[in-house]
J.: 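Have a look at this one before I ask anything.
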Amino acid sequence: MQNSLNSLMNNSVKELVAIAASVGAHCRPCLEYHVRAATELGISKEDIEAAVAVGHQVEMGAVSAMKKTSATILGQPEEGACCSGKGCC
């Protein structure tokens with residue numbers, strides 16, 4: 001895949017996206033590889049940390065969506081599904 005001259009998707013951006021995706025996918029070897037590659041490209045620690053934070057945000061969204069989906073499939077209320085609304089977890 002070739003980048004056009006005006007594309008924002010350069011190698012640094014690709015590595016930052018890959019870092020966030022690695023976190024969201026819970027892939028430790030992927031994260032280690034892409035952090036190393038990003039560091040070799042000269043990407044700052046702050047930018048790498050920001051990509052990790054984005055990955056965690058995506059991960060939290062996926063967890064929330066799965067909780068709702070599993071509650072729906074099981075015929076449980078969405079909030080407090082594990083404790084009938086008592087909020088223990």
J.: Look at the side-chain heavy atoms of Ile, Leu, Val, Met, Phe, Trp and Tyr, link any pair under 4.5 Å apart, and say whether M9 and L16 land in one connected group.
T.: no
J.: Please give the remaining members of the hydrophobic cluster of L74, linking ILVMFWY side chains under 4.5 Å, ordered by chain and number.
T.: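 None; L74 is a cluster of one.
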J.: Distance check, rounded to the nearest 0.5 Å: L41 atom CG versus H34 atom NE2?
T.: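 It is 11.5 Å, given to the nearest 0.5 Å.
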J.: R28 and E32: salt bridge (Lys or Arg N to Asp or Glu O under 4.0 Å), yes or no, with the steps?
T.: CA-CA 6 Å; R28 182 179 178 164; E32 290 171 349; 2.9 Å; yes
J.: May I have the list of side-chain donor-acceptor pairs in residues 47-61 shorter than 3.5 Å, sequence neighbours left out?
T.:
unit_1, atom_1, unit_2, atom_2, d
D47, OD2, S44, OG, 3.4
H56, ND1, E59, OE1, 2.9
E59, OE2, H26, NE2, 2.4

J.: Identify the heavy atoms of L31 and I19 that sit nearest to each other, and give their distance.
T.: CD1-CG2, 3.8 Å
